Amino acid sequence: MTTGMPFCDLMGVEVLERGKDRVRGRMVVRDDLCTSGGICHGGAYMAFADALGATGAVMNLEPGSRTTTLESKTNFLGGAPAGSTIEGEATPLHVGRRSSVWQTRITNADGKLLALVIQTQMTLS
């Protein structure tokens with residue numbers, strides 16, 4: 001399943017599950033998403049997490065509303081080499097009328113935590 005967001009689709013983000021309480025996805029770490037050392041670029045981690053959190057936020061919106069990322073914070077805990085697949089799971093910490101806060105855990109195939117992202121999504125009417 002694609003994200004419906006052209007940039008994230010370009011990155012190869014695949015949504016595996018989407019719902020109001022959890023969004024799961026995966027992405028193959030391609031060479032063009034890496035640092036010169038062949039490790040997934042921090043911006044790629046962040047964009048991957050942003051796609052999953054934003055998808056969850058959209059699932060919780062009232063008809064006619066939109067959402068945009070207001071804030072995002074990432075802790076980088078490990079590297080993913082080119083050719084590997086990373087997985088992400090976004091869950092809500094808060095879903096309110098004006099905003100939602102999402103936590104995304106990014107792991108490798110062995111389940112090792114590579115990054116932890118917390119983002120705030122603002123609701124636009």
Side-chain angles (χ1 to χ4, degrees):
M1 209 179 330
T2 63
T3 64
M5 294 176 269
F7 175 71
C8 297
D9 293 343
L10 179 68
M11 287 181 50
V13 175
E14 180 183 3
V15 175
L16 303 173
E17 174 186 343
R18 67 178 85 194
K20 289 185 171 194
D21 295 320
R22 181 168 78 160
V23 177
R24 289 186 326 104
R26 71 176 160 222
M27 182 179 77
V28 174
V29 179
R30 302 186 318 243
D31 289 333
D32 59 344
L33 298 175
C34 289
T35 64
S36 58
I39 300 297
C40 188
H41 190 282
Y45 278 126
M46 293 174 77
F48 176 47
D50 187 69
L52 299 180
T55 298
V58 166
M59 300 299 297
N60 284 279
L61 291 176
E62 296 292 327
S65 296
R66 297 177 298 127
T67 186
T68 189
T69 305
L70 188 61
E71 186 269 340
S72 183
K73 185 223 185 282
T74 304
N75 285 320
F76 300 104
L77 306 168
S84 65
T85 298
I86 58 176
E87 297 185 4
E89 180 178 88
T91 55
L93 298 175
H94 164 78
V95 176
R97 202 168 45 85
R98 296 183 184 181
S99 66
S100 60
V101 179
W102 292 80
Q103 175 179 277
T104 303
R105 295 174 53 86
I106 299 174
T107 59
N108 65 13
D110 296 328
K112 178 184 175 196
L113 186 62
L114 303 176
L116 182 67
V117 180
I118 307 237
Q119 72 191 78
T120 303
Q121 292 290 130
M122 180 172 64
T123 302
L124 304 169
S125 300

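Everything numeric here is computed off the predicted structure, so don't read it as measured data.
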Cluster link M27 to M5, ILVMFWY, side chain under 4.5 Å: no
In one Ile/Leu/Val/Met/Phe/Trp/Tyr side-chain cluster, 4.5 Å: M11, V58: no
CG-CD distance between D9 and E14, expressed to the nearest 0.5 angstrom: 10.5 Å
Under the side-chain hydrogen bond (donor to acceptor under 3.5 Å, both in side chains) test, residues paired with S99 that sit two or more places apart: none
Set of side chain to side chain contact (heavy atoms under 4.5 Å, CB included) partners for M59, sequence neighbours left out: R18, K20
With T104 via side-chain hydrogen bond (donor to acceptor under 3.5 Å, both in side chains) - residues at least two apart: none
Show me the donor-acceptor pairs, under 3.5 Å and distance only, between side chains in residues 71-80 and residues at least two apart or in other chains.
unit_1 : atom_1 : unit_2 : atom_2 : d
K73    : NZ     : N75    : OD1    : 2.6

Salt bridge (Lys or Arg N to Asp or Glu O under 4.0 Å) partners of residues 85-94, not counting sequence neighbours, each pair once: R22-E89
Same apolar cluster (I L V M F W Y, side chains within < 4.5 Å links), V23/F7: yes
Residue list, side-chain hydrogen bond (donor to acceptor under 3.5 Å, both in side chains) with R105, at least two apart or on another chain: none
C8 to A47 - nearest heavy-atom pair and separation: SG-O, 4.1 Å
Distance (rounded to the nearest 0.5 Å) between T91 OG1 and Q103 CD: 5.0 Å
Heavy-atom side-chain proximity of N60 to W102 below 4.5 angstrom: yes
side-chain hydrogen bond (donor to acceptor under 3.5 Å, both in side chains) partners of T107, counting only residues at least two apart: none
I39: side chain to side chain contact (heavy atoms under 4.5 Å, CB included) partners, not counting sequence neighbours: T35, P81
Which residues share a salt bridge (Lys or Arg N to Asp or Glu O under 4.0 Å) with R30, sequence neighbours left out: D32
With a cut-off of 3.5 Å and sequence neighbours excluded, list every side-chain donor-acceptor pair involving residues 109-119.
unit_1 : atom_1 : unit_2 : atom_2 : d
Q119   : NE2    : D50    : OD1    : 3.3
Q119   : NE2    : Q121   : OE1    : 2.7

Under the side chain to side chain contact (heavy atoms under 4.5 Å, CB included) test, residues paired with C34 that sit two or more places apart: V29, A82
M46-I86 co-clustered via ILVMFWY side chain contacts under 4.5 Å: yes
Short side-chain to backbone donor-acceptor contact, S125 and S65, under 3.5 Å: no
R24: partners by salt bridge (Lys or Arg N to Asp or Glu O under 4.0 Å), with sequence neighbours left out: E17
